[in-house]
Amino acid sequence: PVVVGTTAFAGHLVTARSAGNGEVDALLWAAGQVGDWYEQDHRAFAVAAEAGYQWSRSRWAPWIRGGISWFSGDNDPQDGRHGTFFPMLPTVRGYSQSTLYWMANLRDIMAQVILRPRDSVTLRLDAHLLSLASPADGWYAGSGATQESGRIFGYTLRPSGGASRLMELVETSVDWRLGPHWSVNGYVGMASSGPVVRRSFASGPGTFFYLENALQF
């Protein structure tokens, strides 16, 4: 039987204002979770703050953004409380294009540059400084829960060994819209091997890439 039941409550504040030769934007988001996690009480939270500036009237419309996100972890696996934030309905590629990490027991310091050389082409460069919110917890990765029962849960958990530094990740992507229903997308990401990663993998850095055609109707 399924023995996980959580209630989530969240709120956000988003703003964008004209400033100089472009627009400044900011986002603040917070969420809390309460409920049951197997035999434990579930109490978890997440918070994210981001800000940026886009030179919307300049060539290529450069957009620079930065922010920090914090997703709680479990500080004591031996007590009766589960504190790891659980992303119940994730949208993977919006936040972790490589799926090398996920929004549980994570601190993510992010910088981003977006360029649009043409209306149909978007270039994006991201840099992430990633560490664990709680060294007593582990490193979570994956694309989300995929079934109600059984051993395939959709996430992997690897031990931290008491360390907190996970990896530094640099990733770039290109989206080219060839028509109203057709686009070509490419991505390359390179991740360093922090102490948490080296506990499970002997070699590094890690590289992930893909090229896809997307048809939308």
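All heavy atoms count here, side chains included; hydrogens, waters and symmetry mates do not.
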Non-hydrogen side-chain atoms of [X] and [Y] separated by less than 4.5 Å:
X      : Y      : value
Leu178 : Val184 : yes
Asp36  : His42  : no
Phe217 : Leu215 : yes
Arg57  : Trp55  : no
Tyr101 : Leu166 : yes
Val196 : Leu132 : yes

Check: Are Arg177 and Asp175 close enough for a salt bridge, meaning some N to O gap below 4.0 Å?
Finding: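 The answer is no: the pair does not qualify as a salt bridge.
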Going by side chain to side chain contact (heavy atoms under 4.5 Å, CB included), name the residues that satisfy it together with [X], two or more places apart in sequence or in a different chain.
X     : answer
Ala16 : Glu23, Asp25
Ala49 : Leu28
Arg59 : none
Thr15 : Arg17, Ala26

If you compare all heavy atoms of [X] against all heavy atoms of [Y], which two are closest, and at what distance to 0.1 Å?
X      : Y      : answer
Glu171 : His128 : OE2-NE2, 3.2 Å
Ser58  : Asn21  : OG-ND2, 2.8 Å
Tyr140 : Ala104 : CD1-O, 3.7 Å
Asn75  : Ala136 : O-CB, 3.3 Å
Ser98  : Phe208 : CA-CD2, 3.7 Å
Phe71  : Ala133 : O-CB, 3.4 Å

Next item on the list: Quick one: sort the Phe201 and Trp139 rings into parallel, tilted or perpendicular, breaks at 30° and 60°.
Entry: perpendicular
Look only at the side chain of [X] and the backbone of [Y], and say whether a donor-acceptor pair between them is shorter than 3.5 Å.
X      : Y      : value
Asn105 : Gly138 : yes
Ser160 : Pro135 : yes
Ser72  : Phe45  : yes
Tyr187 : Glu212 : no
Arg198 : Ser193 : yes
Ser69  : Asp108 : no

Verify the cluster assignment for [X] and [Y]: are they in a single hydrophobic cluster under the rule of side-chain heavy atoms below 4.5 Å apart?
X      : Y      : value
Leu106 : Trp70  : no
Val197 : Leu169 : yes
Val113 : Val121 : yes
Trp29  : Ile109 : no
Met103 : Phe86  : yes

Next item on the list: Indicate whether any N or O donor in one side chain lies under 3.5 Å from an N or O acceptor in the other, for Thr84 and Asp137.
Entry: yes
Check: Going by distance alone, is a donor N or O of one side chain under 3.5 Å from an acceptor N or O of the other, for Trp176 and Asn185?
Finding: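 No - no donor-acceptor pair under 3.5 Å links their side chains.
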Next item on the list: Considering only Ile, Leu, Val, Met, Phe, Trp and Tyr, and joining two whenever side-chain heavy atoms are under 4.5 Å apart, list the other residues clustered with Met110.
Entry: none
Atom [atom1] in [X], atom [atom2] in [Y]: separation rounded to 0.5 Å?
X      : Y      : atom1 : atom2 : answer
Phe9   : Gln33  : CZ    : CD    : 9.0 Å
Ile114 : Arg116 : CD1   : CZ    : 6.0 Å
Arg81  : Arg43  : CZ    : CZ    : 7.0 Å
Gln112 : Ile64  : CD    : CD1   : 10.5 Å
Ser173 : Asp126 : OG    : CG    : 6.5 Å
Leu115 : Trp63  : CG    : CH2   : 12.0 Å

Notebook entry, point to check: Would the number of heavy atoms belonging to other residues, nucleotides or ligands and lying under 6.0 Å from CG of Asp119 be above 12?
Noted result: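 No.
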Notebook entry, point to check: Between Ser192 and Glu168, is a side chain to side chain donor-acceptor pair (under 3.5 Å) present by the stated rule, with each step listed?
Noted result: CA-CA 5 Å; Ser192 68; Glu168 292 82 38; 2.7 Å; yes
Item checked: Chi angles and distances behind the ring-ring contact (aromatic ring centres under 6.0 Å, His included) call for Trp37, His82 -> CA-CA 7 Å; Trp37 189 271; His82 181 259; 4.2 Å; yes
Notebook entry, point to check: For Ser131, which residues count as a side-chain hydrogen bond (donor to acceptor under 3.5 Å, both in side chains) partner, sequence neighbours excluded?
Noted result: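 Result, side-chain hydrogen bond (donor to acceptor under 3.5 Å, both in side chains) vs Ser131: Arg107.
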